[in-house]
Amino acid sequence: ETNVMGTEAVLRAALRYGTRVLLASTSEVYGKGSRIPFGEDDDILLGPTSKSRWGYAASKMVDEFLGMAYYHEHGLEVVPFRLFNTTGPRQSSRYGMVVPRFVGQALRNDPITIYGDGSQRRCFCDVQDVVRAIIALSLHPDAPGRTYNVGNTEEISILGLAELVRDQLGSASEIVMIPYEQAYAPGFEDMQRRVPDISRVQSLVGWRPEITLAETLDRIRAGMIAEVATSKL
Ligand code: UDP
């Protein structure tokens with residue numbers, strides 16, 4: 001609710017000053033997903049309100065509806081975009097983000113913790129690529145009035161990610177599997193796959209991801225080593 005009110009406050013202010021609004025939404029809105037890859041105009045199937053996980057998707061969907069209403073009714077230049085898994089240096093691991101968690105665990109030679117059996121897959125996009133997409137969308141005259149997927153299309157399983165991190169960092173970490181019941185609150189549903197169709201943003205602004213996951217892992221590792229060095233001074 002606060003989220004919607006905040007969004008509406010921003011939309012009103014933008015309308016007053018005639019400013020374009022970049023509306024950051026999320027791949028969570030695809031919910032359980034109806035088909036792979038996820039297209040912006042696909043039907044959406046969320047879980048029940050008894051599962052709090054879906055509240056985030058529902059509130060972001062309301063933001064998108066609100067933004068589109070301002071576009072249609074007031075001509076406000078609203079550009080909603082749905083971010084898929086994004087990663088890069090200085091991403092916090094505090095909220096469970098898997099890539100910085102695995103890199104941190106590998107650097108400390110701690111066990112790398114896979115939730116479930118690691119067969120779930122994700123596409124990780126480097127934050128620098130994501131920023132380029134957002135800037136391009138912010139500048140293109142025809143961007144407003146439609147929502148855009150922004151993410152990488154290269155899939156990797158979470159087990160594959162654990163192995164890649166361990167091997168690339170030359171870590172002695174063991175890879176362990178933690179049952180979902182222990183990793184998450186009861187009733188949590190993890191997505192098995194989440195892949196964006198990025199043809200819309202690609203055909204409008206010519207964007208596609210350019211940084212490989214291996215390069216991103218190197219940059220995250222370098223950032224973490226620098227951070228540890230600084231904190232020990
Ligand atoms: N995950 C994992 N170990 C961790 C943290 C996350 O196996 O220590 C898994 C998580 O269950 C999910 C995937 O990694 O399947 C991506 O999780 P993240 O929270 O980074 O993003 P999500 O895709 O869930 O939004």
Side-chain angles (χ1 to χ4, degrees), residues 3 24-34 36-38 42 44-47 51-61 63 81-127 129-130 149-169 171 173-198 209 211 213-214 216-217 219-221 223-224:
N3 191 16
S25 185
T26 168
S27 60
E28 278 282 304
V29 302
Y30 289 104
K32 295 160 181 266
S34 43
I36 296 283
F38 297 165
D42 285 354
I44 286 170
L45 176 66
L46 301 184
K51 293 184 176 161
S52 59
R53 174 205 223 293
W54 303 110
Y56 181 52
S59 96
K60 282 294 189 183
M61 282 176 70
D63 283 357
F81 52 91
R82 297 174 178 165
L83 295 176
F84 285 66
N85 293 70
T86 301
T87 191
R90 286 181 284 137
Q91 181 175 36
S92 171
S93 57
R94 214 171 313 149
Y95 309 104
M97 303 310 195
V98 68
V99 177
R101 272 177 66 84
F102 281 8
V103 173
Q105 290 166 339
L107 282 176
R108 297 187 301 269
N109 292 315
D110 284 347
I112 297 178
T113 56
I114 291 177
Y115 299 158
D117 65 5
S119 65
Q120 70 271 35
R121 292 189 266 170
R122 291 293 185 278
C123 303
F124 296 98
C125 194
D126 193 285
V127 64
D129 278 331
V130 168
N149 287 337
V150 174
N152 210 314
T153 54
E154 195 76 31
E155 264 191 305
I156 186 169
S157 72
I158 297 302
L159 174 60
L161 175 69
E163 290 169 344
L164 179 67
V165 168
R166 184 197 55 193
D167 296 348
Q168 196 175 316
L169 273 68
S171 168
S173 291
E174 59 169 333
I175 293 173
V176 299
M177 290 181 187
I178 298 175
Y180 277 123
E181 309 85 75
Q182 283 174 38
Y184 291 108
F188 182 84
E189 300 174 69
D190 197 19
M191 299 294 86
Q192 194 58 27
R193 296 178 70 190
R194 179 189 282 155
V195 185
D197 178 342
I198 56 169
I211 303 172
L213 182 54
T216 303
L217 292 178
R219 293 175 46 230
I220 295 175
R221 170 178 56 179
M224 280 191 189

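What you see below is based on every heavy atom in this structure, not just the backbone, and it leaves out hydrogens, waters and symmetry mates. Counting starts at 1 for both ligands and their atoms, in listed order.
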Contact region, Arg122 to ligand 1, non-hydrogen atoms below 4.0 Å, reads side chain
Pairs of nitrogen or oxygen atoms closer than 3.5 Å, one from Gln105 and one from ligand 1: do any exist?
no
| said: Looking only at side-chain N and O atoms, does Asp117 offer a donor or acceptor that is under 3.5 Å from a partner on Tyr180? | reply: no
For the 3.5 Å polar cut-off, considering only N or O atoms, please tell me whether Tyr115 and ligand 1 meet it.
yes
ask   = Without hydrogens or angle criteria, can the side chains of Ser171 and Gln105 be said to hold a donor-acceptor pair below 3.5 Å?
value = no
Under the side-chain hydrogen bond (donor to acceptor under 3.5 Å, both in side chains) criterion, do Gln91 and Thr86 qualify, and how do the steps go?
CA-CA 9 Å; Gln91 181 175 36; Thr86 301; over 6 Å; no
With heavy atoms and a 4.0 Å threshold, my read on which part of Ile158 contacts ligand 1 is side chain
Are side-chain heavy atoms of Phe102 and Leu161 found at a separation under 4.5 Å? yes
field: Pair Tyr184-Arg53, side-chain donor/acceptor within less than 3.5 Å
entry: no
the protein heavy atom lying closest to atom 20 (O) of ligand 1 turns out to be Val98 N, 2.8 Å
Short version for Phe102: what comes under 4.0 Å of ligand 1, heavy atoms counted, is side chain
Going by the 4.0 angstrom heavy-atom rule, the piece of Asn85 near ligand 1 is side chain
So for Arg194 against ligand 1, with non-hydrogen atoms under 4.0 Å, the contacting part is side chain
Pairwise side-chain contact, Val98 with Phe124, heavy-atom cut-off 4.5 Å (strictly under): yes
The atoms of ligand 1 lying under 4.0 Å from a heavy atom of Tyr184, numbered in the order shown, are 10 (C), 11 (O)
* So, is the end of the Arg194 side chain (NZ or CZ) under 6.0 Å from the ring centre of Phe38 and within 45° of the ring's axis? -> no
Under 4.0 Å between heavy atoms, the region of Thr113 that gets near ligand 1 turns out to be both
min-distance protein heavy atom vs atom 19 (O) of ligand 1 -> Gly96 O, 3.5 Å
Q. Does any donor atom in the side chain of Ser157 or Gln120 lie under 3.5 Å from an acceptor atom in the other side chain?
A. no
Atom 8 (O) of ligand 1: closest protein heavy atom, distance to 0.1 Å, is Arg101 NE, 2.6 Å
So the atoms of ligand 1 within less than 4.0 Å of a heavy atom of Ile114 turn out to be 7 (O)
If you measure every N/O of Gln120 against every N/O of ligand 1, is any gap under 3.5 Å?
yes
